[in-house]
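Each remark here refers to the structure printed beneath this line.
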Amino acid sequence: MKLQHLVATGILAIAAAGAGYYGYSHLLHPPLVTTSIASLAPVSEAVYGTGTVEPERWAKVVPLQRRRLVELCRCEGQVVKSGQVLGRQDDAEERSALDQMEINRGQLERDLARAEKDRDKNDATRTEYEQRWTKLEEAKSKIAAQKVRLDSMLLRAPLDGMVLRRDSEVGEIAGPTDVLFWVGPPAPMQVVAEINEEEINRIASGQKALLRSEAFPGRALRATVSQITPKGDPTRKTFRVYLRLPQDTPLRIGMSVETNIIFREKQAAIVVPAEAVAGDSVQMVDDGRVKRVPVKVGIRGSRNIEIIGDVSKGTPVLSPARIDLADGARIRIDNSLTRAVEPAAASEPTDQPAETPEATVVASATTAPSDPDDAVISAAMTAHIDSVVNDARRNMISNSR
């Protein structure tokens, strides 16, 4: 009996301690959480890629044979006409052969003239005349072919335009794999971008694209999808997309850019950080307690997500979401956390609620007060993070197989 009494006493003590801990942790000392403010701001989804600035029309000048270069024009930046000679390869051997062919043709012409005088005498003289005529025609054909071979040693402009670049020097040996000149009209220009095959179905002609170049940091550069190559590259698993640049673009031919093609966007939506959404709901703060609110997810930005439901602008929500907290549980808000996803408060909309001392205000990653296009640039430029993560995940899966 004494043992049973001790056991019962121990169980009651454990239960009392558990109840005391629960009461302390949930009533007297509730869990500490961080919050963000639901914002009314633009939001967009973008497909990331990389590309190069090129003229819409251009061509490479490549030699047909591997020979030493003996002449090259100093014509970078100059306007040229189609067929204009830009350079010449060493053709001494071909010219010597042509001279020999011309001498041989002269001899054959003289022989034919002698045979023509006697061709009607008998069958033998007629046959001799026909043979000499055939040899002369063969010699003429060889001379024509040799002249074509000599002409191929001349490097000509393939189209009207400007010499955009010269990649050779006199004295070098160049062949069919060497590009000597780049020729084409300098405008209009385009960006030739590579897009992952998993995302190409989101791209369509006419979509707006936002570009980033290290030569113009912080500047919103725009383009428009003009064409999508029907066949992708099965090795690189990418598709080629052409983006038309405006006439006043500051980009230059040959620059590399990051492209973000916007396929979904809204200029005004209720957005919260992506980490605040758990499944199909967010957790609001209502009088110091957690209140679960069902929402429907709309546009998924790289950092922020549009939510559709009973959540208004300025509503504090748990960020990150705490799925371990029951609906109605008491909480404490961490007031020491002052950083925001977007640190520049000046980029928030003019009607954005001011920061309260009990919550961290999270500005939309696509917010800007003056220009809607500039508003989406920030979110679009971070869209490549998702692409990089996806690529890493695919590589990891393929390597593990």
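Reckoned from all heavy atoms, side chains included, excluding hydrogens, waters and symmetry mates. Along the sequence shown, residues carry numbers from 1.
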Problem - Least distance between heavy atoms, Gln89 atom then Leu69 atom - result: CG-CD2, 3.8 Å
Exercise for the section: List the steps and the verdict of side chain to side chain donor-acceptor pair (under 3.5 Å) for Glu116 and Tyr129. Expected result: CA-CA 6 Å; Glu116 188 176 7; Tyr129 171 81; 4.5 Å; no
Handout entry: Spacing of Glu102 atom CD and Lys142 atom NZ [to the nearest 0.5 Å]
Key = 13.5 Å
Practice task
Count the heavy atoms of every other residue, nucleotide or ligand shown that sit under 6.0 Å from CG of Asp310, and state whether that count exceeds 12.
Solution key: no
Exercise for the section: Name all pairs fulfilling the ring-ring contact (aromatic ring centres under 6.0 Å, His included) condition that reach into residues 155-183, sequence neighbours left out, sorted by first residue then second. Expected result: Trp58-Trp182
Problem - Donor-acceptor pair, side chain of Asn260 and main chain of Ala46, under 3.5 angstrom - result: no
Fill in the blank from the handout: Rounding to 0.5 Å, atoms CG (Leu221) and CG (Leu210) come to a distance of 9.0 Å
Exercise for the section: Would you confirm whether Thr52, through its side chain, and Gly254, through its main-chain N or O, come within 3.5 Å as a donor-acceptor pair? Expected result: no
Handout entry: Ile305 side chain near Val271 side chain, heavy-atom distance below 4.5 Å
Key = no
Exercise for the section: Measure the spacing between CD of Gln227 and CD1 of Ile203 and express it to the nearest 0.5 Å. Expected result: 14.0 Å
Exercise for the section: For residues Gly184 and Leu164, report the shortest heavy-atom separation together with the two atoms involved. Expected result: O-CD2, 3.8 Å
Problem - Flag, side chain of Gln207 to backbone of Ala204, donor-acceptor distance under 3.5 Å - result: yes
Atom pairs and distances, donor-acceptor, side-chain atoms in residues 244-253, under 3.5 Å, two or more places apart:
{"from": "Thr249", "atom 1": "OG1", "to": "Leu251", "atom 2": "N", "distance (Å)": "3.3"}

Handout entry: Heavy-atom side-chain contact between Leu64 and Pro176 under 4.5 Å
Key = no
Handout entry: Any side-chain heavy-atom pair of Ile195 and Ile261 under 4.5 Å
Key = yes
Problem - Donor-acceptor contact present, side-chain Arg156 to main-chain Gly83, <3.5 Å - result: yes
Problem - salt bridge (charged side-chain N to carboxylate O under 4.0 Å, His left out) against Glu194, all qualifying residues, sequence neighbours excluded - result: Arg240
Problem - Salt bridge Arg74-Glu169, side-chain N to carboxylate O under 4.0 Å - result: yes
Problem - Side-chain touch Leu40/Ile270, heavy atoms, less than 4.5 angstrom - result: yes
Practice task
May I ask you to decide if Ala92's main-chain N or O and Asp90's side chain share a donor-acceptor pair within less than 3.5 Å?
Solution key: yes
Handout entry: Under-4.0 Å salt bridge between Arg165 and Asp167
Key = yes
Could you go through residues 279-288 and list every donor-acceptor pair under 3.5 Å that involves a side-chain atom there, pairing it with any protein atom two or more places apart or in another chain?
{"from": "Asp280", "atom 1": "OD1", "to": "Arg292", "atom 2": "NH2", "distance (Å)": "3.4"}
{"from": "Ser281", "atom 1": "OG", "to": "Ala278", "atom 2": "O", "distance (Å)": "3.3"}
{"from": "Ser281", "atom 1": "OG", "to": "Arg292", "atom 2": "NE", "distance (Å)": "3.3"}
{"from": "Gln283", "atom 1": "OE1", "to": "Arg322", "atom 2": "N", "distance (Å)": "2.7"}
{"from": "Gln283", "atom 1": "NE2", "to": "Arg322", "atom 2": "O", "distance (Å)": "2.7"}

Practice task
May I ask you to check whether over 12 heavy atoms, not counting those of Arg88, lie within 6.0 Å of atom CZ?
Solution key: yes
Handout entry: Test item: side-chain donor near acceptor, Gln100 and Asn104, under 3.5 Å
Key = no
Exercise for the section: Would you check if Val277 and Val297 make a side-chain contact, meaning some heavy-atom pair closer than 4.5 Å? Expected result: yes
Fill in the blank from the handout: Heavy-atom closest pair (Val62 atom, Asp178 atom, distance to 0.1 Å) is CG1-O, 3.5 Å
Handout entry: Under 3.5 Å: donor-acceptor pair, side chain of Ser213, backbone of Ala215
Key = yes
Exercise for the section: Determine yes or no for a side-chain-to-main-chain donor-acceptor pair under 3.5 angstrom, with Glu199 supplying the side chain and Val47 the backbone. Expected result: no
Completion exercise
Closest non-hydrogen contact found for Pro158 with Lys60 is CG-O, 4.5 Å
Handout entry: salt_bridge(Arg149, Asp91) N-O dist < 4.0 Å
Key = no
Handout entry: 4.5 Å side-chain heavy-atom contact, Thr238 and Glu197
Key = no
Problem - Euclidean distance, Glu45 CD relative to Lys266 NZ, rounded to 0.5 Å - result: 11.0 Å
Handout entry: SB check Glu94 Arg67 (cutoff 4.0 Å)
Key = yes
Exercise for the section: Look at the side chain of Asp233 and the backbone N and O of Arg236, then say whether any donor-acceptor pair between them is shorter than 3.5 Å. Expected result: yes
Practice task
State whether the number of non-hydrogen atoms from other residues, nucleotides or ligands found under 6.0 Å of Ile308 atom CD1 is greater than 12.
Solution key: yes
Exercise for the section: Would you check if the side chain of Thr259 reaches a backbone N or O of Gly49 as a donor-acceptor pair within less than 3.5 Å? Expected result: yes
Problem - Rounded distance (nearest 0.5 Å) linking atom CZ of Arg132 with atom CD of Glu128 - result: 4.5 Å
Problem - Verdict with supporting geometry, Ile200 and Ile228, side-chain contact (heavy atoms from CB on, under 4.5 Å) - result: CA-CA 9 Å; Ile200 194 62; Ile228 303 171; 4.0 Å; yes
Completion exercise
Closest non-hydrogen contact found for Gly314 with Ile37 is CA-CG2, 3.4 Å
Practice task
May I have all residue pairs that pass side chain to side chain donor-acceptor pair (under 3.5 Å) and include part of residues 183-193, sequence neighbours excluded?
Solution key: none
Practice task
State the CZ-CE distance between Arg68 and Met153, to the nearest 0.5 angstrom.
Solution key: 13.5 Å
Exercise for the section: Taking the side chain as every heavy atom from C-beta outward, state whether Arg66 and Ile173 have any atom pair closer than 4.5 Å. Expected result: yes
Practice task
Given side-chain contact (heavy atoms from CB on, under 4.5 Å), test Val257 with Thr50 step by step and report yes or no.
Solution key: CA-CA 6 Å; Val257 296; Thr50 58; over 6 Å; no
Exercise for the section: Report the C-alpha separation of Asn196 and Lys237 in whole Å, then their side-chain angles, then the decisive distance to 0.1 Å, and conclude whether the side-chain contact (heavy atoms from CB on, under 4.5 Å) test is met. Expected result: CA-CA 6 Å; Asn196 284 342; Lys237 299 186 183 301; over 6 Å; no
Problem - Ion pair check, Lys208 and Glu265, cut-off under 4.0 Å - result: yes
Exercise for the section: Please collect all ring-ring contact (aromatic ring centres under 6.0 Å, His included) contacts where either partner lies in residues 193-250, sequence neighbours excluded, each pair once. Expected result: none
Problem - Salt bridge present between Lys135 and Glu138 (N-O < 4.0 angstrom) - result: no
Problem - Side chain proximity check, Pro63 to Gln65, heavy atoms < 4.5 angstrom - result: no
Practice task
Mark yes or no for whether Gln84, through its side chain, and Lys81, through its backbone, hold a donor-acceptor pair below 3.5 Å.
Solution key: yes
Exercise for the section: Identify the heavy atoms of Arg57 and Pro185 that sit nearest to each other, and give their distance. Expected result: O-CD, 3.1 Å
Handout entry: CA sep, side-chain torsions, deciding dist, call: Val61, Val179, side-chain contact (heavy atoms from CB on, under 4.5 Å)
Key = CA-CA 6 Å; Val61 178; Val179 179; over 6 Å; no
